[in-house]
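Here is the structure we will look at.
Note that these values count all heavy atoms, side chains included, but never hydrogens, waters or copies made by symmetry. Lettering follows sequence order; numbering is per chain, from 1.
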Amino acid sequence: MLQTTYIRENKELILERFKKRNFEGEEIIKQILKLDDDRKATQQKLDNQLAEGNSLAKQIGMLFKEGKQEEANAIKEKTKTLKESGNLLKEEQNKIAKELMNLLYQVPNVPNEIVPEGNSDEDNEVIGEQGKIPTLGDQAVPHWELAKKYNLIDFELGVKITGAGFPVYKGKGARLQRALISFFLDQAVEDGYEEVIPPLMVNEASGYGTGQLPDKEGQMYHMQVDDLYMIPTAEVPITNMYRDVILQESDFPLKNVGYTPCFRREAGSYGSDVRGLNRLHQFDKVEIVQIQHPNKSYETLDTMVAHVKGLLEKLELPYRVLKLCGGDLGFTSALTFDMEVYSAAQDKWLEVSSVSNFESFQANRLKCRYKDEDGKTQLVHTLNGSALALPRILAALLENNQTNEGIKIPKVLIPYTGFELIN
RNA sequence: GGAGAUAUGGCAGAGUGGUCGAAUGCGGUAGUCUUGAAAACUAUUGUACCGCAAGGUACCGGGGGUUCGAAUCCCUCUAUCUCCGCCA
């Protein structure tokens with residue numbers, strides 16, 4: 001959520017930048033500023049009335065103490081009308097605040113200057129490519145067939161137990177999954193991140209805090225009885241650890257890493273995109289989160305991208321880095337880099353990581369602030385990234401490393417898996 | 001799940017209807033003293049909104065109510081603690 005003062009002071013810039021997203025903001029911003037003016041005006045009126053009421057109440061107290069009942073009662077009459085009009089103002093104030101909040105929730109983050117314009121993922125800018133794309137033989141098959149052949153993942157069993165998109169990992173498949181999680185966590189800890197195991201369900205306030213609510217309500221599993229949401233990413237519980245917190249400058253940067261299963265309803269997905277491991281309702285992910293000083297957040301974004309690239313290189317996976325265009329940029333993000341690995345048997349790039357700087361967009365909702373040199377409270381910048389999402393990594397590993405003898409495990413993972421080959 | 005108790009500023013802890021945004025202590029910050037430090041002393045020390053400012057308003061777990069006036073009374077929700085029950 002953007003701050004109204006920020007909108008007021010940077011209206012032209014914001015509107016210009018929104019063009020990158022194809023977001024038509026002129027009208028809504030006009031309304032926001034108008035409502036904000038209304039809010040100020042009614043509050044001013046209300047404050048004045050309350051001040052008058054307070055002072056009258058004090059007078060009444062004094063008069064009662066002095067035994068001047070009649071005078072006191074006379075003033076009481078006066079407060080009656082004051083109270084009535086005060087209530088009306090309060091109602092109006094609440095209404096305006098609600099409308100204002102509603103509008104603010106609909107305004108996306110301001111894209112960074114370097115975000116390319118564009119409408120869809122086709123307009124994303126490839127800014128780097130690493131690793132050799134393997135040439136597989138004719139007998140090469142996609143990962144869902146490999147998973148079946150080597151009894152690594154049972155999709156049908158998951159369907160029986162729960163439904164589509166909830167696979168059962170078995171044997172070496174399960175072990176490889178666990179190996180990847182441990183490897184990713186260890187790498188992050190080595191890079192200075194503190195490991196956390198957060199709750200897998202969050203309350204409504206947390207959903208609003210990181211911006212999943214109200215924008216993506218339908219994408220989360222919602223437990224109605226207890227009014228809790230299954231997390232779609234560890235970003236939600238981890239970032240919300242810093243909700244309603246005031247930090248010191250010396251606390252920066254706060255670095256956390258957490259492994260969690262992630263739950264997504266993925267309503268509206270279909271076709272080859274959802275085949276095999278490509279898109280699931282439940283999947284594992286290791287997430288890195290940083291809370292940083294506004295001056296340093298972009299520097300930090302680069303280090304996070306570098307961290308993810310390092311992981312992919314260690315796994316010997318061919319990958320490319322994309323700078324997301326405005327049209328593909330998430331609602332809450334100011335700048336996002338996606339990492340995609342090449343899935344040789346499917347012959348396509350699969351997104352495995354998304355690293356974003358949210359600047360103060362989340363911090364404003366979260367009320368995560370710090371005290372600057374002058375002792376003023378300022379909003380922090382929040383960042384996060386997948387490091388990494390497991391299923392597509394697994395898919396690429398299986399496909400790219402398949403040989404006649406079996407599937408080869410990358411060197412760095414062998415200490416974690418305890419085996420070198422799946423056969 | 002049942003019964004009871006509690007929720008106050010960074011922390012501890014007073015405050016049961018009026019001058020309480022809230023005593024006191026600790027902690028923090030600045031200063032005095034000191035060669036320096038400690039101690040002592042003095043001052044200062046929550047958040048948000050409106051206002052150029054003076055100042056005003058709101059907030060004593062959350063929400064609602066009673067009242068001219070609520071930290072204080074009532075309702076409700078949440079969390080914590082104690083006991084009982086159940087349980088990995």
Side-chain angles (χ1 to χ4, degrees), chain A residues 1-9 32-104 197-209 213 222-229 237 240-251 254 261 360-380:
Chain A
M1 189 170 67
L2 296 174
Q3 296 181 98
T4 45
T5 48
Y6 178 79
I7 295 175
R8 194 177 287 282
E9 284 161 18
I32 285 171
L33 294 180
K34 162 91 171 53
L35 276 174
D36 194 45
D37 288 336
D38 292 350
R39 182 186 62 83
K40 284 182 192 176
T42 33
Q43 199 193 9
Q44 195 60 256
K45 270 192 238 165
L46 180 61
D47 280 0
N48 288 339
Q49 293 225 347
L50 288 173
E52 202 181 332
N54 284 345
S55 102
L56 287 178
K58 268 180 198 169
Q59 284 180 43
I60 292 170
M62 303 275 265
L63 291 171
F64 268 124
K65 242 179 206 170
E66 292 164 20
K68 297 174 179 168
Q69 303 270 345
E70 276 174 35
E71 280 183 54
N73 285 330
I75 298 178
K76 263 198 201 180
E77 283 303 310
K78 245 167 129 185
T79 58
K80 233 177 223 170
T81 53
L82 204 57
K83 209 180 169 189
E84 275 167 23
S85 62
N87 280 340
L88 284 176
L89 276 174
K90 230 179 255 176
E91 262 173 49
E92 198 182 334
Q93 179 80 334
N94 285 340
K95 206 180 112 208
I96 291 170
K98 222 175 179 176
E99 275 177 46
L100 184 57
M101 202 49 103
N102 218 336
L103 289 179
L104 283 170
I197 302 180
L200 304 183
M201 299 185 199
V202 294
N203 55 29
E204 195 181 38
S206 293
Y208 275 98
L213 293 174
H222 182 209
M223 250 78 39
Q224 296 200 344
V225 177
D226 297 295
D227 200 16
L228 295 172
Y229 295 86
N240 270 283
M241 298 195 303
Y242 304 101
R243 174 152 47 86
D244 291 320
V245 165
I246 296 180
L247 301 161
Q248 301 302 315
E249 286 206 39
S250 56
D251 294 333
L254 286 159
S360 59
F361 194 84
Q362 287 185 327
N364 190 30
R365 286 192 188 183
L366 287 165
K367 291 208 185 70
C368 179
R369 294 159 294 179
Y370 71 97
K371 282 211 191 288
D372 68 13
E373 297 161 330
D374 304 328
K376 285 196 162 184
T377 48
Q378 309 279 359
L379 294 174
V380 303

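Between the C1' atom of B/A58 and the NZ atom of A/Lys45 lies a distance of 19 Å, rounded to the nearest Å. Distance A/Lys58 NZ to B/U57 P: 7 Å, rounded to the nearest Å. Here the P atom of nucleotide B/C59 and the CG atom of A/Asp47 are 11 Å apart, to the nearest Å. Straight-line distance from the CD atom of A/Gln43 to the C1' atom of B/G51: 11 Å, rounded to whole Å. When the C1' atom of B/G21 is taken as reference, atom CG of A/Asn54 falls 13 Å away, rounded to whole Å. Atom CD of A/Glu52 and atom P of B/G55 are 20 Å apart (whole Å). For the pair A/Leu50 CG and B/A58 C1', the interatomic distance rounds to 8 Å; values are reported in whole Å. The CD atom of A/Glu70 sits 17 Å away from the C1' atom of B/C68 (whole-angstrom rounding).
Residue A/Lys90 is out of contact with every strand shown, counting any heavy-atom pair closer than 4.0 Å. A/Ile75 comes within 4.0 angstrom of no nucleic acid atom, judged by non-hydrogen atoms across all strands.
The closest side-chain heavy-atom distance from A/Leu56 to A/Leu82 is below 4.5 Å. Residues A/Gln3 and A/Leu379 have side chains in contact (heavy-atom distance under 4.5 Å, counting atoms from C-beta outward).
In this structure B/G69 sits in no base pair that meets the Watson-Crick or G-U test at under 3.5 Å. For B/U35, there is no paired base (Watson-Crick or G-U wobble, both distances below 3.5 Å). With a 3.5 Å ceiling on both atom-pair distances, the Watson-Crick or G-U wobble partner of B/A3 is B/U82. Across all strands shown, the partner of B/U44 is B/G28, judged by Watson-Crick or G-U wobble contacts whose two distances both fall under 3.5 Å.
Look at the P atom in both B/G10 and B/U78: the space between them is 26 Å, to the nearest Å. Comparing B/G17 with B/A71, their C1' atoms are spaced 11 Å from each other, to the whole Å. Taking atom C1' on both nucleotides, B/C81 is separated from B/C26 by 25 Å, rounded to a whole Å. A gap of 38 Å separates the C1' atoms of B/G55 and B/U6, to the nearest Å. Spacing between B/A22 and B/U44 at atom P, rounded to whole Å, works out to 13 Å. For the C1' atoms, the distance from B/G15 to B/C33 is 37 Å, rounded to whole Å. Spacing of P atoms, B/U45 relative to B/C52, comes out at 24 Å, to the nearest Å. When the P atom is used for both B/U16 and B/U72, the distance is 12 Å, rounded to whole Å.
Between A/Lys371 and B/U47 there is a side-chain N or O to OP1 or OP2 distance below 4.0 Å. Checking the phosphate oxygens (OP1, OP2) of B/U47, no side-chain nitrogen or oxygen of A/Thr377 falls inside 4.0 Å. Dashed line: the shortest gap from a side-chain N or O of A/Arg369 to OP1 or OP2 of B/U47 is not under 4.0 Å.
For A/Ala51, the listed nucleotide lying nearest its side chain is B/U57; candidates were B/C68, B/U57, B/G46. For A/Ala57, the listed nucleotide lying nearest its side chain is B/C68; candidates were B/A48, B/C68, B/G51. Each of B/C68, B/G51, B/U47 was ranked by its minimum atom distance to the side chain of A/Lys40; first place goes to B/G51. Of the listed nucleotides (B/C68, B/G51, B/U47), B/C68 has the atom at the smallest distance from the side chain of A/Thr79. Closest to the A/Ile60 side chain, of the nucleotides B/A58, B/C68, B/U47, is B/C68. Listed nucleotides B/U47, B/G69, B/G18 differ in distance to A/Phe64; the shortest reach to its side chain belongs to B/G18.
Salt bridge A/Glu77/A/Lys80: present, at least one basic N to carboxylate O contact under 4.0 Å. Note on A/Asp37 versus A/Lys34: no salt bridge recorded, every NZ/NE/NH1/NH2 to OD/OE distance being 4.0 Å or above.
A residue-by-residue look at A/Gly53 and A/Gly61 shows that A/Gly61 has its nearest nucleotide of RNA chain B further toward the 5' end. The residue among A/Leu56 and A/Asn94 whose nearest nucleotide of RNA chain B lies closer to the 5′ end is A/Asn94.
Scanning all heavy atoms of the two residues, the minimum distance from A/Ser206 to A/Arg243 falls at OG-NH2, 2.8 Å. What you find for A/Asn73 and A/Phe64 is that their closest heavy atoms are OD1-CZ, 4.4 Å.
With sequence neighbours excluded, the residues satisfying ring-ring contact (aromatic ring centres under 6.0 Å, His included) with A/Tyr370 are A/Phe252, A/His293.
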